[in-house]
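Numbers for residues simply follow the sequence, beginning at 1.
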Amino acid sequence: MTFQSLQHLIHAVETKPQWRSRRSFQALLNCWPEVVGAAVAAQTRPVAIQRQVLIVATSNSAWAQNLSFERLRLLDKLNHHLADYLQADTLQDIRFSTTQWSSPSSITIEQMEDLSTWRLHPSRLPEPVNKPPTRPRCQTSDEAFQRWSSLIQQRSRHLPLCPTCQCPTPPGELQRWSVCSLCAAKGWA
């Protein structure tokens, strides 16, 4: 058995058709927000390329319909951005559908934090170490309010106080503005 150089092995893998298609799809995922814009990218997700047709999942049917009208313009922009990756296999069409869109409830908190800047926000509180046990669903709005109120009181019990209004304040807000966000906003007005 002869050993081959790493470069030779990488070249062998990269020339396989499956690898090229994965690489071109990854390039498409990377340029998607730039091509369609942030608002559209938040409501869409490229799913696959099948027979030179890009399949895109949308959050609802209104997005699917509106983007279908724009598909030729998007196709031109995508083919221009992906010219180096697709070579002769340019995209021929785009299909928009809601069928492969996952509902927001299936996205975990960790995934949402990765997608947003919330984890860096000064108002963010760390997750409690001891999560309260899940309780049965509230029967009345008063009961739901009481439960929410006690949860907020428990979470804010150990927070420092705003020097202006004496309300419990996330430490990030005090570090950033020296007061709570409400007092800071009043000062800007």
Query raised in the report: If you take all heavy atoms of Val35 and His81, which pair is closest and at what distance?
Result: CG2-ND1, 3.7 Å

Query - Ile152: hydrophobic cluster co-members (side-chain, 4.5 Å) - result: Phe145, Trp148

Requested in this report: Indicate if Trp188 and Leu182 have the same hydrophobic cluster label, given that clusters are the connected sets of ILVMFWY residues with side-chain heavy-atom separations under 4.5 angstrom.
Outcome: no

Report summary line: Glu173 meets the side-chain contact (heavy atoms from CB on, under 4.5 Å) criterion, sequence neighbours left out, with Pro122, Ser123, Thr169, Pro170, Trp177, Cys180, Ser181

**Report entry** Partners passing salt bridge (charged side-chain N to carboxylate O under 4.0 Å, His left out) against Glu70 (at least two apart in sequence or in another chain)
**Finding:** Arg73

Requested in this report: Please check if the side chain of Asn79 supplies one atom and the backbone of Leu91 the other of a donor-acceptor pair under 3.5 Å.
Outcome: yes

Report task. Step by step, work out the side-chain contact (heavy atoms from CB on, under 4.5 Å) result for Leu78 and Cys31. Result -> CA-CA 8 Å; Leu78 282 170; Cys31 76; 4.2 Å; yes

Report task. With the side chain counted from C-beta on, respond yes when Thr44 and Trp32 share a heavy-atom pair under 4.5 Å apart, and no when they do not. Result -> yes

Query - Minimum heavy-atom distance between Pro33 and Ala41, given as atom pair plus value - result: CA-CB, 3.8 Å

Requested in this report: Supply the atom-to-atom distance Ile55 CD1 to Ile94 CD1, rounded to the nearest 0.5 angstrom.
Outcome: 10.0 Å

Query - Check: Thr164 and Ser178 side chains under 4.5 Å, non-hydrogen atoms - result: no

**Report entry** Pairing residues for Asp76 by the salt bridge (charged side-chain N to carboxylate O under 4.0 Å, His left out) criterion, not counting sequence neighbours
**Finding:** none

Query raised in the report: Are any non-hydrogen side-chain atoms of Leu74 and Leu54 less than 4.5 angstrom apart?
Result: no

Query - Gap between atom CZ of Arg155 and atom OG of Ser150 - 0.5 Å precision - result: 12.0 Å

Query - Shared hydrophobic cluster for Val47 and Phe96 (ILVMFWY, side-chain gaps under 4.5 Å) - result: no

Query raised in the report: Gln166: what forms a side-chain contact (heavy atoms from CB on, under 4.5 Å) with it, not counting sequence neighbours?
Result: Leu161

Query raised in the report: When rounded to the nearest 0.5 angstrom, what is the spacing between CD in Glu143 and CZ in Arg147?
Result: 6.0 Å

Requested in this report: Answer with yes or no whether the hydrophobic clustering places Leu29 together with Val40; edges join I, L, V, M, F, W, Y residues whose side-chain heavy atoms lie under 4.5 Å apart.
Outcome: yes

Report summary line: Contacts of Asn60 meeting side-chain contact (heavy atoms from CB on, under 4.5 Å) (sequence neighbours excluded), chain-then-number -> Ala62, Trp63

Query - Straight-line distance of Leu174 CG to Cys183 SG, nearest 0.5 Å - result: 10.0 Å

Query - Donor-acceptor under 3.5 Å (Ser156 side chain, Leu159 main chain) - result: no

Query - Any Leu67 side-chain heavy atom under 4.5 Å of Val36 side chain - result: no

